[in-house]
Protein chains: 2
Amino acid sequence: MKYRRVPDETIRRLPVYLRGAIYFSRQGMKSVSSEKLAGLVGVNSWQIRKDFSYFGEFGTPGVGYDIGTLIKHIQRILRLNVVHKAALVGAGNLGSALLAYPGFRMYGFEIAAAFDMDKRKVGKKRAGVVIEDMAKLRTLKARYIRLGIIAVPEEAAQDVADQLVLAGVKGILNFSPRYVSVPSKVKIITIDIAMDLACLPYYTPAG
Amino acid sequence: MKYRRVPDETIRRLPVYLRGAIYFSRQGMKSVSSEKLAGLVGVNSWQIRKDFSYFGEFGTPGVGYDIGTLIKHIQRILRLNVVHKAALVGAGNLGSALLAYPGFRMYGFEIAAAFDMDKRKVGKKRAGVVIEDMAKLRTLKARYIRLGIIAVPEEAAQDVADQLVLAGVKGILNFSPRYVSVPSKVKIITIDIAMDLACLPYYTPAG
DNA sequence: GTTTGTGAATAGTTTCACAGCA
DNA sequence: TGCTGTGAAACTATTCACAAAC
């Protein structure tokens with residue numbers, strides 16, 4: 001296929017395919033068709049084939065995709081083939097849930113450090129990770145931690161983001177319900193878990 | 001403006017605008033321009049004006065949008081002007097975090113019930129909500145609870161979704177990292193908090 | 001027979017530029 | 001002057017249909 005810019009939407013779907021491929025792999029399957037994968041992850045089969053086609057041909061007509069190859073391929077495209085260390089800021093309810101969440105490992109992430117403003121929490125452990133003082137954020141660079149996760153109350157979000165940027169992180173996952181501004185060299189993704197729910201009533205007329 | 005189907009993307013942005021409007025309202029402001037709102041929420045001003053234009057004219061040229069009117073308008077469009085009761089299934093780490101999350105109230109949601117498979121948790125309280133036995137799910141309809149939130153391990157997600165559908169919910173917010181299938185009359189939104197993070201390394205080359 | 005890969009057609013979304021109103 | 005509302009243009013993404021590969 002002649003070169004075309006990869007759509008952002010395609011990138012957004014790759015983790016879904018990766019999860020599906022890992023699932024089939026654990027079931028002991030060796031290869032899978034776009035139709036089968038489509039059934040599992042809830043995306044059309046032609047959409048899946050189109051998405052994969054942006055990265056060259058790696059399926060076998062009449063057979064499907066080799067699951068091992070597929071996993072490696074997607075991991076390399078998304079740069080998930082190396083372990084990415086992340087720092088969590090905020091060890092409250094949400095932060096603790098994130099520390100215990102098994103989903104990060106699946107994509108090669110490791111929450112390697114946790115921080116909290118509350119001095120009483122400092123030194124305690126959550127899911128095997130020792131909570132550190134906010135002042136220690138400056139050590140991130142030396143510890144090769146390049147991602148930050150914000151799980152603090154919204155008033156503190158911008159301040160924490162500034163500190164993370166200062167500490168040299170390259171990407172931030174923001175769980176606080178507030179838009180946060182960062183220099184353009186830093187990529188930020190904001191997830192407001194209530195916002196997705198806010199769209200639901202619109203789509204459920206007889207609610 | 002002549003009628004045109006409202007883009008899904010516009011609907012997805014409305015909660016963002018709503019949050020911004022509520023923020024300005026709390027600051028004591030009476031009206032706001034699309035430019036000001038744009039600065040807060042990180043969307044272009046013309047995008048905001050376009051989005052609003054799908055629902056008729058409610059701004060004043062030379063002045064901006066009346067904040068009170070804006071809030072009421074968006075709430076009505078999204079059907080957030082009545083309280084929506086939701087049932088949480090799964091009172092583990094994530095479930096507890098959701099129960100304590102203040103963001104739901106902002107959009108008019110109330111987690112009115114919580115359920116867990118673990119009999120030892122049944123009867124205990126989390127953030128003021130008593131955890132009930134899974135068997136009580138069948139009482140949702142009588143209690144006017146039409147939304148379900150799934151916060152259980154992925155193996156149990158499909159089963160819980162089936163039970164929620166049986167209990168008559170109209171919409172489901174799924175936090176388990178697995179695609180779940182439901183009848184087409186039920187709207188489901190799946191959030192995998194790790195999946196968003198999985199896209200980050202792709203956008204941060206020097207990671 | 002089955003399943004991939006992809007150009008072309010269709011659909012959806014964003015951006016622009018500016019007329020018109022307060 | 002300042003800001004909204006919107007048609008038209010540009011851009012992006014999805015869907016289709018089918019030739020080619022196994």
Side-chain angles (χ1 to χ4, degrees), chain A residues 1-17 20-21 24 29-74 77 199 202-203, chain B residues 1-17 20-21 24 29-74 77 199 202-203:
Chain A
M1 188 195 194
K2 74 169 186 256
Y3 177 78
R4 271 201 253 162
R5 207 182 76 80
V6 180
D8 284 345
E9 293 298 311
T10 293
I11 298 299
R12 235 176 53 185
R13 282 188 293 266
L14 288 183
V16 180
Y17 304 150
F24 281 132
M29 289 169 60
K30 290 293 171 215
S31 71
V32 68
S33 68
S34 56
E35 197 67 53
K36 272 258 167 54
L37 187 56
L40 181 74
V41 304
V43 174
N44 297 312
S45 61
W46 59 77
Q47 180 75 79
I48 291 177
R49 294 201 300 277
K50 185 70 152 186
D51 284 339
F52 289 168
S53 79
Y54 288 104
F55 308 102
E57 319 181 1
F58 51 101
T60 311
V63 180
Y65 300 90
D66 179 82
I67 291 176
T69 309
L70 190 56
I71 292 172
K72 283 217 172 59
H73 223 331
I74 298 177
I77 294 165
C199 293
Y202 177 86
Y203 292 106
Chain B
M1 188 196 193
K2 76 170 187 255
Y3 177 78
R4 272 202 248 160
R5 207 182 76 78
V6 180
D8 284 345
E9 292 299 311
T10 293
I11 298 300
R12 234 176 51 185
R13 282 187 294 266
L14 288 183
V16 180
Y17 303 151
F24 281 132
M29 288 169 61
K30 290 292 170 217
S31 71
V32 68
S33 68
S34 56
E35 198 66 53
K36 272 260 167 52
L37 187 55
L40 180 73
V41 305
V43 173
N44 296 312
S45 62
W46 58 79
Q47 180 77 76
I48 292 177
R49 293 200 302 275
K50 185 70 154 186
D51 284 339
F52 288 168
S53 78
Y54 287 105
F55 308 102
E57 320 183 359
F58 50 101
T60 310
V63 180
Y65 300 90
D66 178 83
I67 292 176
T69 309
L70 189 57
I71 292 173
K72 282 217 172 60
H73 222 333
I74 298 177
I77 294 166
C199 293
Y202 177 86
Y203 292 105

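Residue numbers start from 1 in every chain, and the chains themselves are labelled A, B, ... in the order their sequence lines are given, proteins ahead of strands.
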Filtered N/O pairs between nucleotides 20-22 of chain D and protein, under 3.5 Å:
residue : atom : partner : partner atom : Å
D/dC22  : O4'  : A/P61   : O            : 3.4

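- Classified by interplanar angle (parallel below 30°, tilted 30° to 60°, perpendicular above 60°), the ring pair A/F58/A/H73 is tilted.
- Every residue two or more places apart in sequence or in another chain that forms a side chain to side chain donor-acceptor pair (under 3.5 Å) with A/R13 is listed here: A/Y17, A/D51.
- One can place OH of B/Y65 at 14 Å from C1' of C/dA22, the figure rounded to the nearest angstrom.
- For residues 29-45 of chain A, the set of pairs meeting the salt bridge (Lys or Arg N to Asp or Glu O under 4.0 Å) definition, not counting sequence neighbours, is empty.
- B/L37 places its CG atom 13 Å from the P atom of D/dG5, with the value rounded to the nearest Å.
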Where along nucleotides 12-19 of chain C does protein come under 4.0 Å, by heavy atom, of base (B) or sugar-phosphate alone (S), with - for untouched nucleotides? -SSBS---

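- The CZ atom of B/R12 sits 12 Å away from the P atom of D/dA13 (whole-angstrom rounding).
- Looking at residues two or more places apart in sequence or on another chain, you find a side chain to side chain contact (heavy atoms under 4.5 Å, CB included) between A/I71 and A/L18, A/A21, A/I22, A/S25, A/I67, A/Q75.
- For the side chain to side chain contact (heavy atoms under 4.5 Å, CB included) test, residues two or more places apart in sequence or in another chain that qualify with B/V6 are A/Y202, B/T10, B/I11, B/Y54, B/F55.
- If you check every strand for non-hydrogen atoms under 4.0 Å, B/F58 touches sugar and phosphate atoms only.
- Using a 4.0 Å heavy-atom cutoff across all strands shown, A/F52 reaches no nucleic acid atom at all.
- With sequence neighbours excluded, the residues that form a side chain to side chain donor-acceptor pair (under 3.5 Å) with B/D8 are A/Y203.
- Atoms OG and CD, on A/S53 and A/E57 in that order, are 9.0 Å from each other to the nearest 0.5 Å.
- As judged by a 4.0 angstrom heavy-atom cut-off over every strand, B/S34 is placed among residues touching the sugar-phosphate backbone only.
- Counting to the nearest Å, the P atom of D/dC3 and the CD atom of B/E57 are 18 Å from each other.
- In this structure, the side chain to side chain donor-acceptor pair (under 3.5 Å) partners of B/T69, at least two apart in sequence or on a different chain, are B/D66.
- Of all heavy-atom pairs spanning B/N44 and B/A38, the tightest one is C-CB, 4.0 Å.
- Atom-to-atom, CD of B/E35 to P of D/dT1 comes out at 17 Å; the value is rounded to the nearest Å.
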